[in-house]
**Student:** 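I'd like to ask some things about the structure below.
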Protein chains: 2
Amino acid sequence: MDPLRTRLIAEATRQFVERGFDGASMREIADACGVTKAALYYHYAGKADLLRDIVAGYLDQVAAVVAAGRRATPKFADQLRAIVRGLFALPVESRAIMRLALHDLRHLDDADREAFAADYQTRFLQPLTDVVRGGIEAREFTPHHPTTVVWLLLGMLYPFFSATPRATDESQIVADLLDVLLSGLTARR
Amino acid sequence: MDPLRTRLIAEATRQFVERGFDGASMREIADACGVTKAALYYHYAGKADLLRDIVAGYLDQVAAVVAAGRRATPKFADQLRAIVRGLFALPVESRAIMRLALHDLRHLDDADREAFAADYQTRFLQPLTDVVRGGIEAREFTPHHPTTVVWLLLGMLYPFFSATPRATDESQIVADLLDVLLSGLTARR
DNA sequence: CTCCACCTACCGAACGGTCAGTAGGAGAAT
DNA sequence: ATTCTCCTACTGACCGTTCGGTAGGTGGAG
């Protein structure tokens, strides 16, 4: 449909992830796509506009993973498992956007940033928190502050959400992660 | 002794943490200290030189925390507890440097970056890994890949190592974190 | 003829970094 | 006591480069 627009977003994602928002340059993004900077500005209003589209697309992906994980199974522990596996199954460039979103969101103008933050809360953090809270209320999990548990879970993912993979055998990492996390959440006191 | 040099490093840390390495400007760092940019360059060879000193000071702090935690107690689980509490007890600006070091290390020249990476490995990651491995060998912890466990632990800390604190009651977070992590590591299969 | 998609050419601003110059104090020589 | 020298710790003006962004033109498709 719109191959240049798609290629520009892909290239911008690559550069933002690799060099950060500030470190990336509009000229190099355009050059890498074989067009001039003016062509880039024809399709996107500005640098922040690129970032906004990138993080919005990322949010769509992770929100879909969480929603699918919740639908997949009734047991809350299995929902968590499905969600973590789903997040690891995202293409590596998508995962790296997690870092980008956390770090460079400040470059969006106030309205866009607040809109993203609100969407992130309702479409990603809130459903995740609901899984944890549901697990605690169903006595599947030991009682902890659900929000804190979600932060711990996302933090555990963080080191592996890099553009440069930490290890070749990711399935072992996912297994260890889920084992430590779920043992920690389900251990009897 | 050397108050300007100290103030420059403190201000540079503040700006690097707040706006990132690329986003911070030498002029503004100097301005905030009430001197010109040239004065800054009299004390530091360049922007990367500032970053090098900042992350080196950070490494000294976290290495000291790990060493103290290892000495404090013979039980490996208690060593982990002491280390996590020690890391959370660091001043908030020190903790934020963890993000800085992970993200902006690429701005150091090859020699400095490799030197830091080596120091980080031997003085921080290795001792931490030894605690986990020791705990596994002593059958305090369930068997997992020690390196992975260290990454999971550091990741769990990560969301709380921000310049803007996540919560007012950090002791509750530390307690939840240690509970989830150590339950996860000590649960019987 | 018009409009889309793109180009060339350029803008002002900010960047990291450099350089000659100098205020002011310490030390030695006279 | 005075002068000369030297050094540290700066200043202010400036360098070339790169930045995000824009104005106006052009060629091809319908």
Side-chain angles (χ1 to χ4, degrees), chain A residues 1-56 100-101 103-113 116, chain B residues 1-56 100-101 103-113 116:
Chain A
M1 278 231 280
D2 198 345
L4 178 54
R5 214 166 192 277
T6 312
R7 270 160 53 221
L8 286 170
I9 271 283
E11 183 60 29
T13 304
R14 230 182 52 79
Q15 299 244 358
F16 285 174
V17 163
E18 193 173 308
R19 311 163 49 159
F21 182 84
D22 285 309
S25 119
M26 298 295 268
R27 193 183 64 85
E28 292 198 23
I29 292 169
D31 280 1
C33 293
V35 295
T36 62
K37 213 169 31 145
L40 172 49
Y41 275 92
Y42 178 79
H43 291 285
Y44 289 94
K47 204 180 187 185
D49 198 36
L50 279 169
L51 180 62
R52 192 167 50 90
D53 270 25
I54 290 168
V55 295
L100 186 65
H103 252 268
D104 289 323
L105 211 62
R106 66 196 138 96
H107 293 290
L108 266 45
D109 62 50
D110 289 358
D112 284 342
R113 191 175 53 250
F116 176 83
Chain B
M1 278 232 279
D2 197 345
L4 178 54
R5 214 167 191 276
T6 311
R7 269 160 53 219
L8 287 170
I9 273 282
E11 183 59 30
T13 303
R14 228 181 53 79
Q15 299 242 358
F16 284 174
V17 163
E18 191 174 309
R19 311 164 47 159
F21 182 84
D22 285 310
S25 123
M26 297 295 268
R27 193 182 63 83
E28 291 199 23
I29 292 169
D31 280 0
C33 293
V35 294
T36 61
K37 209 170 36 147
L40 172 49
Y41 275 92
Y42 178 79
H43 290 286
Y44 289 94
K47 206 180 186 183
D49 198 36
L50 278 169
L51 180 62
R52 193 168 50 89
D53 270 25
I54 289 169
V55 295
L100 186 63
H103 257 267
D104 289 322
L105 211 62
R106 65 196 139 97
H107 293 290
L108 265 44
D109 62 51
D110 290 358
D112 284 342
R113 191 175 53 250
F116 176 83

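Chain identifiers are assigned alphabetically (A, B, ...) following the order of the sequence lines, protein sequences preceding nucleic acid strands; residue numbering begins at 1 within each chain.
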**Student:** Can you tell me how far the CZ atom of R106(A) sits from the CG atom of D22(A), to the nearest 0.5 Å?
**Tutor:**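 The CG atom of D22(A) is 6.0 Å from CZ of R106(A), to the nearest 0.5 Å.
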
**Student:** How far does CG of L50(A) sit from CZ of F16(A), to the nearest 0.5 angstrom?
**Tutor:**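 Answer rounded to 0.5 Å: 5.0 Å.
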
**Student:** Among residues 44-52 of chain B, which ones have heavy-atom contacts with DNA chain C below 4.0 Å?
**Tutor:**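 When residues 44-52 of chain B is checked for heavy atoms under 4.0 Å from DNA chain C, the hits, listed by number, are G46(B), K47(B).
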
**Student:** How would you label the contact of A39(B) with the nucleic acid (heavy atoms, under 4.0 Å): base, sugar-phosphate, or nothing?
**Tutor:**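 If one applies the 4.0 Å heavy-atom cut-off, A39(B) turns out to touch a base.
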
**Student:** Could you tell me the separation between the CD1 atom of I29(A) and the C1' atom of dT18(D), rounded to a whole number of Å?
**Tutor:**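 Interatomic distance, CD1 of I29(A) to C1' of dT18(D): 14 Å.
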
**Student:** Can you tell me the distance, in whole Å, between the CG atom of D31(B) and the P atom of dA14(C)?
**Tutor:**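 Taking CG of D31(B) and P of dA14(C), I get 12 Å after rounding.
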
**Student:** Looking only at side-chain atoms of A38(B), point me to the closest of dT22(D), dG21(D), dC19(C).
**Tutor:**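 Taking heavy atoms from C-beta onward, the closest nucleotide is dC19(C).
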
**Student:** Could you tell me the separation between the CG atom of D22(A) and the C1' atom of dG16(C), rounded to a whole number of Å?
**Tutor:**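 In whole Å, dG16(C) C1' lies 15 Å from D22(A) CG.
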
**Student:** Looking at Y42(B), I'd like to know if the NZ or CZ of R5(B) sits under 6.0 Å from its six-membered ring centre while staying within 45 degrees of the ring's axis.
**Tutor:**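 Judged by the rule (NZ or CZ under 6.0 Å from the ring centre, within 45° of its axis), R5(B) is not positioned above Y42(B).
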
**Student:** Would you say M26(B) and Y41(B) make side-chain contact, with heavy atoms under 4.5 Å?
**Tutor:**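 Sidechains of Y41(B) and M26(B): in contact.
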
**Student:** A side-chain contact here means heavy atoms from C-beta on lying under 4.5 Å apart; do L100(A) and L51(A) qualify?
**Tutor:**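 A side-chain contact exists here, since the closest heavy-atom pair is under 4.5 Å.
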
**Student:** Distance check needed: dG16(C) C1' versus Q15(B) CD, whole Å only.
**Tutor:**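 Going from Q15(B) (CD) to dG16(C) (C1'), I get 15 Å.
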
**Student:** For nucleotides 3-5 of chain C, print each protein N/O atom paired with a nucleotide N/O atom at under 3.5 Å, atom names and distance only.
**Tutor:**
unit_1	atom_1	unit_2	atom_2	d
dA5(C)	OP2	Y42(A)	OH	3.0

**Student:** What contact category does T36(A) fall into here, base, sugar-phosphate, or nothing, at under 4.0 angstrom with non-hydrogen atoms?
**Tutor:**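 Base, at least one base atom sits under 4.0 Å.
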
**Student:** Taking the side chain from R19(A) and the backbone from A24(A), do they hold a donor-acceptor pair closer than 3.5 Å?
**Tutor:**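 It does not hold such a pair.
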
**Student:** Quick one, H103(A) and H103(B) - any side-chain contact, counting heavy atoms below 4.5 Å?
**Tutor:**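 Yes, side chains in contact.
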
**Student:** Looking at side-chain heavy atoms only, is the closest gap between H107(A) and K47(A) below 4.5 Å?
**Tutor:**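 They are not in contact (no side-chain heavy atoms under 4.5 Å apart), so the answer is no.
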
**Student:** Decide, yes or no, whether a salt bridge links E11(A) with R7(A) under the criterion of side-chain N to carboxylate O below 4.0 Å.
**Tutor:**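 Answer for the salt bridge query: no.
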
**Student:** M26(A) CE to dA13(C) P: how many Å, rounded?
**Tutor:**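 The answer, rounded to whole Å, is 20 Å.
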
**Student:** Measure CZ/R27(A) against P/dC15(C) and give the value in whole Å, please.
**Tutor:**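 Spelled out: CZ on R27(A) to P on dC15(C) is 19 Å.
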
**Student:** OH of Y41(B) versus P of dC19(C): gap in Å, rounded?
**Tutor:**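 Atom-to-atom, Y41(B) to dC19(C), this comes out as 13 Å.
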
**Student:** Within this structure, what is the CG-to-P distance between L40(A) and dC6(C), rounded to whole angstrom?
**Tutor:**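 Those two atoms, CG and P, are 11 Å apart.
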
